[in-house]
Chemist: 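Quick one: the structure is below, questions incoming.
Both counts, for ligands and for their atoms, begin at 1 and track the order of listing.
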Amino acid sequence: MKQRQSGKFFSFSLVVMFVAGVGFFFLSIVALGILPGIRLEQSIAENAPVNYRPYTEEQQRGRTIYAAEGCAYCHTQQVRFTPEDRRRWGPSTEPWETKYDSPHLWGTRRVGPDLARESEVRSNDWQYTHLYNPRYIVPNSVMPGYAWMFDGSADKPLQPARDLVAYLQILGRERQDLMANDPQQSQQIQANPARTLKGASGDVLTTLTLPTGDQQRGQTVWNNYCSACHGAQADGNSVAARSLLPRPTNLTAFSYDPLAFATILHNGVAGSSMPAWRDLSPQQVADIYAWLTTLRTKADNKALSTASIAQGAELFANNCTSCHGVNGDGQGPAAALYKPAPFDFLHQQPDAQEIDRVLRQGVPGTAMPPFPTMSAAQRAALASYVRSLHQPEKAANTHP
Ligand code: HEC
Ligand code: HEC
Ligand code: HEC
């Protein structure tokens, strides 16, 4: 009798446990799955911009390739709400941004950087070259190359590469547009327009004194970050250069004042594969600067003659000011149309040979045209004039 009672008790407790177990199972589905899902849908419906563009067919195919190739195993697409994340990649990801992402590709591991804000951070030629073989432009990268998406070289992308890059180039685009149209946020953007560097007190710098640079350290930094594109000797010859348009600049043919140099590194060159280098310290910038200086001793620049400068000034006024500006500062009336922007000759001075070469060949991939009808004497006169525009005295710590 006693035994039967305890048996009953156990079977009753089993039933209770079973019902409770199943109950909690469904409760957790509702609490952790369904309710957040509904809230997410509501939040997306309330906050997504009405004109949020859906993926085009090309971008959708790119997204499928991104998922199939497992890019998400190494890359997240989610900027977290931490200051570190925001500093590196911009505003934190909001739910509405994933409106068309089902299933989402947020990822959980960051072997490589977050890609949620990749839109227009890199140019297409950068993306193709990197996709073909990341080590062409990022020497120590552990990212695999995807050469099968190309017809034998990085400048011949096949459909999968084009789809994938089209997808990468819109990641975060809606958010960027939204910020640009928001008066408060766009003010923040305009408060620090590209091309100017600001001092500690927030004023726009007009000169810059770099710390004393160390050439040897500079060469090491160069080899880690710059040589893959610009070449070990900074002459613009590298494997990567074959698929980059415009080609990386031959930096041995230019002198820069420190402010111009630091500003270029801070902003990169819009419209080219030249990235912004905001993570370099002032010391590293000074070290690279010091190292580049050692490469410039070979330049053969004839003394500037007054006669040729006068002739050059006239040629310049007739042919060059629409882009390079009346005084050569790169701010001519047509300048705003072009990326990369016309060079500013007040702060960066090309060698005479380089000016001669550019006038014959132009700069493919930019608005700089060739001038095939110009005579050698005219080119020499222009070279003298353009070089005379340099105003190193306006900048401290001048490049020799
Ligand atoms: C084994 C891990 C790994 C895989 C898989 C991988 N990546 Fe990367 N990726 C990296 C690392 C590490 C970097 C940083 C170094 C570099 O730029 O190459 C990177 C950088 C990038 C960048 C540059 C981001 C920036 O602006 O600096 C892009 C774009 C990118 N990867 C796209 C992709 C795509 C698309 C795929 C899939 C086809 C992919 N990655 C697969 C590791 C990976
Ligand atoms: C992914 C390739 C790439 C890497 C890496 C790269 N550059 Fe460049 N860089 C370019 C290209 C392309 C241009 C040419 C832009 C143009 O024609 O306007 C350029 C131009 C420049 C210019 C001249 C810009 C001007 O307007 O006069 C400087 C200075 C420069 N790079 C410095 C550096 C330094 C220093 C590093 C390393 C910290 C570096 N670059 C890394 C591709 C690269
Ligand atoms: C249609 C606009 C335009 C006109 C006209 C123009 N330029 Fe340029 N120029 C540019 C642009 C854009 C660049 C930047 C190229 C780059 O980013 O590599 C440039 C760059 C240059 C460079 C440096 C190129 C290098 O990489 O070594 C020189 C030198 C130059 N221009 C001289 C001239 C002279 C001299 C004239 C007149 C005879 C002239 N330009 C007319 C747009 C123009």
Chemist: Give the atoms of ligand 1, by number and element, whose distance to some non-hydrogen atom of Pro113 is under 4.0 Å.
Modeler: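 In order of number, 13 (C), 14 (C), 19 (C), 20 (C), 24 (C), 27 (O).
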Chemist: May I ask you to check if ligand 1 and Glu118 share an N or O to N or O distance below 3.5 Å?
Modeler: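 The answer is yes, given that Glu118 and ligand 1 share an N or O pair closer than 3.5 Å.
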Chemist: Any nitrogen or oxygen of Trp222, side chain or backbone, less than 3.5 Å from one on ligand 2?
Modeler: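 Trp222 vs ligand 2: no N/O contact under 3.5 Å.
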Chemist: Short N/O distance, under 3.5 Å, between Tyr146 and ligand 1?
Modeler: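 It does not: no N or O of Tyr146 is found under 3.5 Å from an N or O of ligand 1.
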Chemist: Which ligand 1 atoms, with their elements, are less than 4.0 angstrom from a heavy-atom of Leu115?
Modeler: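 Matching atoms, with element in brackets: 24 (C), 28 (C), 29 (C), 32 (C).
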Chemist: Please write down residue, atom name and distance for the protein heavy atom closest to atom 7 (N) of ligand 1.
Modeler: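 Answer for atom 7 (N) of ligand 1: His75 NE2, 2.9 Å.
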Chemist: Under a 4.0 Å threshold between the charged nitrogen and the carboxylate oxygen, would Arg296 count as salt-bridged to Asp351?
Modeler: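 So Asp351 pairs with Arg296 through a salt bridge.
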Chemist: Measure the acute angle between the ring planes of Tyr167 and Tyr66, then classify it against the limits of 30° and 60° as parallel, tilted or perpendicular.
Modeler: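 It falls in the perpendicular class, over 60°.
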Chemist: Give the residue and atom name of whichever protein heavy atom lies nearest to atom 22 (C) of ligand 1, and the separation in Å to one decimal.
Modeler: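 It is His130 CE1, 3.5 Å.
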Chemist: Among all protein heavy atoms in this structure, tell me which lies nearest to atom 12 (C) of ligand 3, with the distance rounded to 0.1 Å.
Modeler: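 Among all protein heavy atoms, the one nearest atom 12 (C) of ligand 3 is Pro340 O, 3.4 Å.
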Chemist: Could you check which of Pro342, Ala270, Cys229 puts a non-hydrogen atom nearest to atom 3 (C) of ligand 2?
Modeler: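 Nearest heavy atom to atom 3 (C) of ligand 2 lies in Cys229.
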Chemist: Counting both backbone and side chain atoms, is some N or O of Ser273 under 3.5 Å from an N or O of ligand 2?
Modeler: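 Min N/O separation from ligand 2 is not below 3.5 Å for Ser273.
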Chemist: Could you see which bit of His230 sits under 4.0 Å from ligand 2, with heavy atoms only: side chain, backbone, both or neither?
Modeler: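 Contact part for His230 vs ligand 2: side chain (C-beta onward).
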Chemist: Is Cys323 close enough to atom 8 (Fe) of ligand 3 to have an N, O or S atom under 2.8 Å?
Modeler: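 No N, O or S atom of Cys323 is closer than 2.8 Å to atom 8 (Fe) of ligand 3, so no.
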Chemist: Going by heavy atoms, is Pro246 under 4.0 Å from ligand 3?
Modeler: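 Heavy atoms of Pro246 never come under 4.0 Å of ligand 3.
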Chemist: Thinking salt bridges, do Glu58 and Arg61 make one under a 4.0 Å N-O criterion?
Modeler: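 No, this pair does not count.
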Chemist: Counting heavy atoms only, which part of Trp126 comes closer than 4.0 Å to ligand 1: side chain, backbone, both or neither?
Modeler: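 It is the side chain that gets close, since no backbone atom is under 4.0 Å.
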Chemist: Suppose we only count N/O/S atoms under 2.8 Å; would Ser141 qualify as near atom 8 (Fe) of ligand 1?
Modeler: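 So Ser141 does not count as coordinating atom 8 (Fe) of ligand 1.
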